[in-house]
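Comments concern the structure below.
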Amino acid sequence: MSETKPSVLFVCVHNAGRSQMAAAFLSHLAGDRVEVRSAGSAPAETVNPAVVAAMAEEGIDLTAETPKVLTVDAVRASDVVITMGCGDSCPVFPGKRYLDWKLEDPAGQGVDAVRPIRDEIQRRIRGLLDELSG
């Protein structure tokens, strides 16, 4: 592995749920070993309150996070781009590694519905981290 730390970009449509949870888990678990970004192809105004509540149960505070718009520069600057249901609206660049995680959209759902999505994201993040540090 090169001297530079790997960078991962999580993308979903609104950047208010899945990509926020994934970015938060990776930052939380990897510390400063991985550069983490998240963005949305059509960002929402705020992070989903049920997502904020579900992540707080894991000791991760998302209250200061805001959805960000997906930019070409963010994709260019990332080694791995993980999409979560953004379909054709995610730009694709040669030489990048793309993963598409099929995850239920937590939009409009309560904390009870968000928990299993959160837990699945955490499981996938742990696997990704093993891969990145491998």
Side-chain angles (χ1 to χ4, degrees):
M1 196 149 108
S2 66
E3 293 299 310
T4 59
K5 57 185 169 184
S7 62
V8 179
L9 170 65
F10 296 99
V11 182
C12 65
V13 176
H14 301 300
N15 190 220
R18 295 165 290 186
S19 55
Q20 289 282 353
M21 288 190 281
F25 272 130
L26 185 55
S27 296
H28 182 73
L29 296 168
D32 59 1
R33 294 177 295 157
V34 179
E35 195 177 326
V36 182
R37 294 180 187 85
S38 73
S41 51
E45 293 290 309
T46 59
V47 175
N48 179 335
V51 165
V52 173
M55 292 302 283
E57 295 174 352
E58 294 292 314
I60 298 173
D61 182 6
L62 289 183
T63 53
E65 294 301 321
T66 54
K68 291 165 280 307
V69 70
L70 177 64
T71 64
V72 167
D73 290 342
V75 177
R76 272 202 193 109
S78 303
D79 300 311
V80 181
V81 178
I82 298 177
T83 57
M84 304 168 177
C86 64
D88 297 335
S89 57
C90 296
V92 175
F93 290 96
K96 301 287 172 200
R97 179 167 171 222
Y98 287 87
L99 299 170
D100 186 44
W101 288 0
K102 304 272 186 238
L103 295 160
E104 180 130 358
D105 188 348
Q109 306 210 50
V111 176
D112 289 344
V114 172
R115 283 187 191 111
I117 302 167
R118 174 201 65 198
D119 296 345
E120 174 62 15
I121 289 172
Q122 183 175 28
R123 187 187 69 72
R124 291 181 188 210
I125 291 296
R126 289 183 186 281
L128 177 69
L129 201 49
D130 288 347
E131 228 177 87
L132 290 173
S133 36

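From a predicted model like this one, the values you see are computed outputs, not experimental measurements.
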How long is the gap from [atom1] on [X] to [atom2] on [Y], to the nearest 0.5 Å?
X: Trp101; Y: Ile117; atom1: CH2; atom2: CD1; result: 14.0 Å
X: Asp73; Y: Arg76; atom1: CG; atom2: CZ; result: 6.0 Å
X: Phe25; Y: Ile121; atom1: CZ; atom2: CD1; result: 7.5 Å
X: Ser38; Y: Leu70; atom1: OG; atom2: CG; result: 10.0 Å

Any ion pair linking Asp79 and Lys96 (charged N to carboxylate O, less than 4.0 Å)?
-> no
[X] vs [Y] side-chain heavy atoms within contact, under 4.5 Å:
X: Val80; Y: Leu9; value: no
X: Val81; Y: Phe10; value: no
X: Asn15; Y: Glu65; value: no
X: Met21; Y: Gln122; value: no
X: Val8; Y: Val36; value: no
X: Glu58; Y: His28; value: no
X: Val11; Y: Met84; value: no

Taking the side chain from [X] and the backbone from [Y], do they hold a donor-acceptor pair closer than 3.5 Å?
X: Asn48; Y: Pro106; result: yes
X: Ser7; Y: Ala77; result: yes
X: Arg18; Y: Leu103; result: yes
X: Lys68; Y: Thr66; result: yes
X: Arg33; Y: Leu29; result: yes
X: His14; Y: Gly40; result: no
X: Gln109; Y: Asp105; result: yes

Will you find, in the side chains of Thr63 and Asp61, an N or O donor that is under 3.5 Å from an N or O acceptor?
-> yes
[X] and [Y]: which non-hydrogen atoms are nearest, and at how many Å?
X: Pro6; Y: Leu132; answer: CB-CD2, 4.1 Å
X: Ala22; Y: Ile125; answer: O-CD1, 3.6 Å
X: Ala50; Y: Val114; answer: CB-CG2, 3.8 Å

With sequence neighbours excluded, tell me which residues meet side-chain hydrogen bond (donor to acceptor under 3.5 Å, both in side chains) with Arg97.
-> Glu131
side-chain hydrogen bond (donor to acceptor under 3.5 Å, both in side chains) against Arg37, all qualifying residues, sequence neighbours excluded | Glu35, Ser78
